[in-house]
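What follows is a short report on a single structure.
Naming convention: chains lettered A, B, ... in sequence-line order (proteins, then strands); numbering from 1 in each chain. All heavy atoms count here, side chains included; hydrogens, waters and symmetry mates do not. Nothing here was measured: the structure is a model prediction, and the numbers come from that model.
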Protein chains: 2
Amino acid sequence: MADHALTKETILDTAEQVLRRFGPEKTSVVDVARALNVSHGTIYRHFPSKASLREAVAEKWLHSISLPLEAVFKQECSASERLCLWLKTLIHIKHTLVQEDPELFTMYTTLVEESVDVVNAHIGELISQIIPIIEEGMANQEFKSADASLIASGIFMATARFHHPAHAKEWASPTIDHEFDIVWNLILSGIVK
Amino acid sequence: MADHALTKETILDTAEQVLRRFGPEKTSVVDVARALNVSHGTIYRHFPSKASLREAVAEKWLHSISLPLEAVFKQECSASERLCLWLKTLIHIKHTLVQEDPELFTMYTTLVEESVDVVNAHIGELISQIIPIIEEGMANQEFKSADASLIASGIFMATARFHHPAHAKEWASPTIDHEFDIVWNLILSGIVK
DNA sequence: CAAATGACAGATTTCGTTTTTTGTCATTAA
DNA sequence: TTAATGACAAAAAACGAAATCTGTCATTTG
């Protein structure tokens with residue numbers, strides 16, 4: 001009865017649109033089904049539950065955050081510059097998302113918070129992007145040698161204030177970039193040789 | 001009509017009890033008045049609004065957190081040990097509060113989040129406890145010399161994950177202490193000479 | 001026979017109504 | 001003359017009935 005072939009992807013894209021329009025608390029799977037001109041029972045043929053559908057949307061969003069960070073590896077620069085750029089890029093993405101549409105950011109954050117496994121995978125992915133940068137710096141003699149994965153997760157945790165959505169309210173502060181620089185200097189002097 | 005002389009203090013203590021019993025969303029100033037056997041109009045003679053009463057309770061709680069930290073200055077030890085002890089004490093207080101009574105912790109956190117000025121004063125107070133430790137370390141030649149207040153706020157921000165209530169859920173992790181050690185090592189190697 | 005439907009039970013949400021609360025103030029009590 | 005009261009209007013919360021939603025499944029459709 002649908003206009004297009006009804007794939008998981010189609011449902012996912014429509015769910016995302018409906019969530020964007022109605023928000024996370026007001027979208028029902030009936031709404032998504034209505035947007036697709038199918039019965040809501042059909043959705044359950046492709047997703048076992050409403051939660052799994054929301055989780056899939058959350059995962060897609062997180063992927064859109066981690067993907068552009070890979071471009072940082074193509075930059076020709078030192079390891080400390082690359083590390084700084086990587087962090088600033090991550091932070092810039094998040095801060096821009098909040099600034100441009102706070103409601104939308106809250107919507108995605110709500111979905112993400114429901115999906116613990118997806119978040120943990122995302123965090124793991126981000127940290128494993130940091131590790132090679134640290135290793136590069138150690139190989140270079142730029143950084144003191146140590147356990148790169150410990151350093152990487154330390155850096156990720158120490159910068160939580162700037163990228164963890166729980167701190168989004170603080171990102172509106174006019175001094176937030178300066179505050180990042182303070183923390184960055186502290187971290188950098190901890191790892192350089 | 002009250003049993004005791006009706007002071008700001010008496011009202012504050014009673015408000016705290018009622019809040020503890022009923023929670024932050026279910027306590028009205030009528031409830032507090034009832035507990036004191038006075039009319040609710042009387043409360044407004046001592047506090048200009050419900051918000052200011054809640055703020056006063058929040059402030060008292062925050063004070064009970066910052067006060068015991070002063071004992072750390074009486075320890076006979078090096079600056080880096082003192083700094084580590086200070087951070088671990090702060091973190092231990094918070095983690096213990098959550099663990100022993102998560103609902104109560106949430107109650108106080110709710111009050112605190114409403115009171116931006118009170119929180120900022122509290123954070124300022126905490127950071128100004130760190131500054132003299134850093135200065136001691138610099139005077140000692142233990143730490144590289146630098147702007148102590150910048151270092152202090154950097155350390156406070158870099159450890160947010162372990163003391164900011166927005167991260168309370170993460171404190172239940174069995175590896176949280178280990179994670180603090182990772183961040184602490186990173187910070188320490190950034191400041192030692 | 002694979003894909004979609006629609007009816008169904010139980011859980012959850014919405015909505016209009018009633019009750020309670022907040023904050024003020026003229027009046028009362030000490 | 002200071003402290004407390006209680007009545008009041010406007011705002012917010014609580015409540016319960018009605019509607020909607022979730023997830024399942026026997027039946028229908030192409």
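- By the 4.5 Å heavy-atom criterion applied to side chains, L62(B) and Y108(B) are not counted as neighbours.
- Residue V29(A) is in sugar-phosphate contact alone, with no base atom involved, counting any heavy-atom pair closer than 4.0 Å across all strands shown.
- Distance E25(B) CD to dA14(D) C1': 14 Å, rounded to the nearest Å.
- Checked by atom type, the side-chain pair T10(A)/T7(A) shows a donor-acceptor distance below 3.5 Å.
- In this structure, the CG atom of N37(A) is 13 Å from the C1' atom of dA4(C), given to the nearest Å.
- For a distance-only test at 3.5 Å, the side chain of H40(B) fails to qualify as a donor-acceptor partner of the base of dG6(D).
- Cation-pi check for K8(A) over F47(A) is met; the charged atom lies under 6.0 angstrom from the ring centroid and within 45 degrees of its normal.
- Against DNA chain C, the stretch residues 42-54 of chain A makes heavy-atom approaches under 4.0 Å through T42(A), R45(A), H46(A).
- V112(A) and V116(A) sit in two unconnected hydrophobic clusters of ILVMFWY residues. Membership requires side-chain heavy atoms under 4.5 Å apart, directly or through other members.
- The aromatic rings of W184(A) and F180(A) lie parallel to each other, their planes meeting at an angle below 30°, with 60° marking the opposite boundary.
- Residues H95(A) and H167(A) place their aromatic rings such that the two centres sit no closer than 6.0 Å.
- In this structure, K26(A) places its NZ atom 15 Å from P of dT20(D), rounding to the nearest Å.
- Between the CG atom of L6(A) and the C1' atom of dA2(C) there is a distance of 13 Å, given to the nearest Å.
- Of the candidate nucleotides dC21(D), dT22(C), dA4(D), dT22(C) has the atom lying nearest to any side-chain atom of S28(B).
- Toward the 5′ end of DNA chain D lies the nearest nucleotide of G41(B), the other residue of the pair T27(A) and G41(B) mapping further downstream.
- Protein atom CZ of F22(A) is 10 Å distant from nucleotide atom P of dC21(D), rounded to whole Å.
- For D31(A) and dT13(C), the CG to P distance is 14 Å, given to the nearest whole Å.
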